[in-house]
Amino acid sequence: MPVTDIHTHFFPESWPDLAARFGTPDWPWIKHTEPGKAVIMIGNRVFRNITSACWDMNVRLEQMDRNGVDSQIISATPVLFGYNREPQHALDCARLFNDAALDLCARGKGRLRALCQVPLQDIDASCAELTRCMRAGHLGAQIGNHVGDKNLDDPGILTFLHHCADQGAAVLVHPWDMMAAQRMPKYMMPWTVGMPAETQLSLVTLIVSGAFDRLPASLRICFAHGGGSFAFLLGRLQNAWQHHEVARGVSEFPPNHYLSRFYVDSAVFDERTLQFLVEIMGSDRVLLGSDYPFPLGEERVGALIRGSRLTAEMKTKLLGANAQSWLGLPQVATPSGEKQSPPAPAAAKTTQTNSSLGCPARSTADNTSVASNNDDAQSGKKLTYSSYLQVPELLRLQHPESSPEHHDELLFIIVHQTYELWFKELLHDLDAVVANLRATCDNPTSRDGVYEAARLLRRCTEIMRVLVEQFTILETMLPTHFLAFREKLAPASGFQSEQFRELEFLCGLKDEKMLRYHELTPETHAILFRRLREDSLRDVFFKALEALGTLKPPAATATEEEKFQARAKAIHALYRDERHHRDWIDVCERLTEFDELVVSWRLRHIQMVERTIGIRMGTGGSAGSSYLKLTLEKKFFPELWEARTYLEG
Ligand code: HEM
């Protein structure tokens, strides 16, 4: 089953000056800033930074290959809807971008199909444009979720939706022109708060206005961003419907009856949320949608679904089969019993024709994981080693950049990936250490939390020991071999290891400046920002000592140096009274050992860097090893080290 991403956007490389064409200001225009980068401007205002993935189909196809996406459904961006403009101008604009979409699809080697836009303030014009576009090759329309004060239950919009059903057009509803703009001027709140609320409003409107009762069941309509807040507030809506006649509107059935009338995409960015969404909507109703290539889109398209705990059968549906249903395309049968080995990366770039989408599939090998998991699912859903550990998925996550592929690049990727997996485990365990120490704050006389924290810290030190050792494997790579493919990796850099930085922040080494390496990945940036604000392991450890009575809460007037010395003395006090504080001393020793091992990691990393690239600059723009040497001074728990100076036998 081909993997299809149904929610992606495009901008052409250029288009006519719309403000001059229509004689009205503030139309979107594109300002190219440097090769491969541009800014979408609205009049003189910056709307969004974009990259050539928006207009260069080679870049797009390459990224699709990397993400294991066979086909994309592209649609314009809501900023181009123009529903508040002269209808004729909005129609003209729609035609321009609808034709541009087909031009881009023509360059997409059969792997791209488009949804058109229509001037929804003029229903006749919208129906005519939809018909024209369907004839020209579009698969449906993307519409905004309202037109000024008119919600989707507006009679005109319902007429248009009827027309879509008649034409066999799929409809993607995208939130736009977000509510309460004056109360959300900052922090991207129109995206994080306004958009989910807009979609919620649209879905509730379609239900309680009785619109779904009147619209034909053949209408294939999908709501972006997981349907906004709808699934999470369905219980509330259901409750209101059951107990308050006024909340029922004119709907014939309770809200959950209508779940089979629409689809939602998977752009929810959190595994638990996805799981919940599938539970509420059913696995036939959620489709892979990423919002690619925009900043709030899924960075590694499909990773959320692939990495989730959904069954293999469900994943197949979400990744492709449901898109076929929504788009009204025939299902693709997976050849029964067909087993294929994981794809060679070079093969990922070959194309074959896939009759179902009219799009060439990337390579049958790329569908291996879905096929083999599907087999598991079909053979009675028994868990196997492979399906439990998601081995096929894991094995298809290595995509060397060198071409022809350099033999050692696979090692380079796998070593980094294993580091990242261990970083994940470290974060998991250290979070549990924090939780256990926090529990002792509430109940200082109980020793359970202290014992458990020490036990988990022991695991962390053992993992760190492995991580220090692991560099030797990478050192089997000759410097010349690494240099043969190094330039392909720029500007990717260890600076962008989110989990390494998370570990630093979690332990207490917080440097806000490092966030700048994560500006291109908003989700990562948000996670690190949260870690910055949360209490660190170091903070919680000293709060626990305060609860224990070993450390006095600092006076409001205390300087940082005074607070530091007080904390070091509290450690000193623990060691001096060993008989009563063995368990706490154990925690201190483990934390010190962990700190020590992290410094060893830094040192081994530097040695390996110098052995491999000498004193060359890093791909992240630092001075390389001389920069890294400065980090050797960093300590997670400096008070534990300071206290040692005062200790006596
Ligand atoms: C040949 C192998 C490697 C080379 C040449 C190398 C080189 C570098 C350089 C030069 C930097 C400084 C930042 C920059 O300008 O890019 C750096 C940072 C970093 N590297 Fe590596 N690295 C290698 C392998 C690894 C591996 C296997 C890991 C494992 C996770 C790793 C993790 C990191 C991290 C986390 C940083 C940031 C360190 C900090 O900010 O303190 N590197 N690396």
Side-chain angles (χ1 to χ4, degrees), residues 397-398 400-402 406-428 430 460 463-521 524-525 527-528 531-532 536 594-636 638:
L397 293 178
Q398 293 72 40
E401 289 283 327
S402 52
H406 193 289
H407 179 84
D408 283 359
E409 196 180 347
L410 185 64
L411 172 78
F412 186 80
I413 294 174
I414 288 179
V415 167
H416 279 83
Q417 287 181 338
T418 44
Y419 268 108
E420 289 294 336
L421 282 174
W422 282 121
F423 287 164
K424 181 174 180 173
E425 179 62 35
L426 282 175
L427 286 166
H428 182 60
L430 289 170
C460 295
I463 294 173
M464 269 322 289
R465 239 181 277 285
V466 169
L467 296 191
V468 174
E469 273 305 302
Q470 208 173 272
F471 285 120
T472 54
I473 308 177
L474 210 47
E475 284 172 340
T476 62
M477 178 175 66
L478 285 180
T480 41
H481 290 187
F482 177 56
L483 292 170
F485 63 85
R486 181 178 187 235
E487 67 177 33
K488 298 274 176 210
L489 316 179
S493 150
F495 271 156
Q496 293 161 332
S497 167
E498 173 215 326
Q499 296 198 102
F500 180 81
R501 206 60 68 202
E502 251 193 288
L503 278 168
E504 284 194 338
F505 287 5
L506 168 59
C507 289
L509 199 62
K510 296 181 178 179
D511 183 353
E512 192 164 357
K513 288 196 295 303
M514 299 318 272
L515 288 185
R516 71 177 184 274
Y517 296 104
H518 302 275
E519 270 158 7
L520 290 176
T521 48
T524 307
H525 192 276
I527 291 171
L528 287 173
R531 290 276 188 200
L532 263 185
S536 65
F594 187 70
D595 222 358
E596 207 171 71
L597 284 161
V598 172
V599 177
S600 304
W601 185 91
R602 293 187 199 275
L603 184 63
R604 282 296 290 121
H605 176 247
I606 293 169
Q607 288 170 331
M608 185 217 41
V609 169
E610 285 190 348
R611 183 171 168 161
T612 318
I613 59 166
I615 55 164
R616 282 180 169 83
M617 277 183 69
T619 44
S622 82
S625 72
S626 61
Y627 159 78
L628 291 167
K629 281 179 186 161
L630 302 175
T631 67
L632 287 173
E633 290 301 312
K634 294 185 180 180
K635 293 229 163 56
F636 290 161

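Read the numbers this way: they start at 1 and go in the same order the structure lists the ligands and their atoms.
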Q: Please identify which atoms of ligand 1 are closer than 4.0 Å to at least one heavy atom of Phe482.
A: 1 (C), 5 (C)

Q: If you count every heavy atom of other residues, nucleotides or ligands that lies below 6.0 Å from Leu630 atom CG, does the total exceed 12?
A: yes

Q: By number and element, which atoms of ligand 1 are closer than 4.0 Å to a non-hydrogen atom of Thr612?
A: 1 (C)

Q: How far is atom 22 (N) of ligand 1 from its nearest protein heavy atom, and which residue and atom name does that atom have?
A: His605 NE2, 3.1 Å

Q: So, the side chain of Glu409 versus the backbone of Ser402: is there a donor-acceptor pair under 3.5 Å, distance only?
A: yes

Q: Might you point out which heavy atoms bring Lys634 and Val599 nearest each other, and give the distance in Å?
A: O-CG2, 4.0 Å

Q: Could you name the option among Phe471, Trp422, Phe500, Phe423 that has the heavy atom nearest to atom 38 (C) of ligand 1?
A: Phe500

Q: For atom 39 (C) of ligand 1, what's the nearest protein heavy atom and its distance?
A: Arg501 NH2, 3.7 Å

Q: Are any non-hydrogen side-chain atoms of Ile413 and Gln417 less than 4.5 angstrom apart?
A: yes

Q: For atom 23 (C) of ligand 1, what is the nearest protein heavy atom, given as residue, atom name and distance?
A: Met608 CE, 3.5 Å

Q: Which residue supplies the protein heavy atom nearest to atom 10 (C) of ligand 1, what is that atom called, and how far is it?
A: Gly618 CA, 3.4 Å

Q: Quick one: sort the Phe412 and Phe485 rings into parallel, tilted or perpendicular, breaks at 30° and 60°.
A: perpendicular

Q: Are any of the side-chain heavy atoms of Val466 and Tyr419 separated by less than 4.5 Å?
A: no

Q: Identify whether the distance between the nearest side-chain nitrogen and carboxylate oxygen of Lys510 and Glu504 falls below 4.0 Å.
A: no

Q: Would you mind listing which atoms of ligand 1 come within a distance below 4.0 Å of any non-hydrogen atom of Ser622?
A: 12 (C), 13 (C), 14 (C), 15 (O)

Q: Look at atom 32 (C) of ligand 1 and say which protein heavy atom is nearest, naming residue and atom and giving the distance to 0.1 Å.
A: Trp601 CH2, 3.7 Å

Q: Pull out every atom of ligand 1 sitting under 4.0 Å from any heavy atom of Gly620, numbered as shown with elements.
A: 14 (C), 15 (O), 16 (O)

Q: When you measure from atom 26 (C) of ligand 1 to every protein heavy atom, which one gives the shortest distance, and what is it?
A: His416 NE2, 3.2 Å

Q: Could you list the atoms of ligand 1 found under 4.0 angstrom from a heavy atom of Phe412?
A: 1 (C), 2 (C)

Q: Any salt bridge linking Glu475 with Arg604? Criterion: basic side-chain nitrogen under 4.0 Å from a carboxylate oxygen.
A: yes

Q: With a 3.5 Å distance limit and no angle check, can you tell me whether Ser497 reaches the backbone of Gly494 through a side-chain donor-acceptor pair?
A: no

Q: Atom 16 (O) of ligand 1: which of Ser493, Ser497, Ala492, Ser625 has the nearest heavy atom?
A: Ser493

Q: Report the member of Thr631, Ile606, Val609 with the shortest heavy-atom distance to atom 7 (C) of ligand 1.
A: Val609

Q: Among His605, Arg616, Glu610, find the one that has a side-chain hydrogen bond (donor to acceptor under 3.5 Å, both in side chains) with Ser625.
A: Glu610

Q: In the structure I gave you, are the side-chain heavy atoms of Leu430 and Phe594 within less than 4.5 Å of one another anywhere?
A: yes

Q: Between Glu504 and ligand 1, is there a nitrogen or oxygen pair with a distance under 3.5 Å?
A: no

Q: Out of all atoms in ligand 1, which are within 4.0 Å of some heavy atom of Leu474? Include the element for each.
A: 2 (C), 27 (C)

Q: Less than 4.0 Å is my threshold; does some heavy atom of Arg602 fall inside it relative to ligand 1?
A: yes

Q: Going by heavy atoms in the side chains, are Phe495 and Thr619 under 4.5 Å from each other?
A: no

Q: What atoms of ligand 1 come within less than 4.0 Å of a heavy atom belonging to Tyr627?
A: 40 (O)

Q: Tyr419 versus ligand 1: do any nitrogen or oxygen atoms come within less than 3.5 Å of each other?
A: no

Q: Should you measure from each heavy atom of Gly621, which atoms of ligand 1 turn up under 4.0 Å away?
A: 15 (O)

Q: Nearest protein heavy atom to atom 9 (C) of ligand 1, by residue and atom, and its distance?
A: Leu628 CD1, 3.9 Å

Q: Does atom CZ of Arg531 have more than 12 heavy-atom neighbours from other groups under 6.0 Å away?
A: yes

Q: Counting non-hydrogen protein atoms only, what is the nearest one to atom 34 (C) of ligand 1? Give residue, atom name and distance.
A: Gly494 O, 3.6 Å

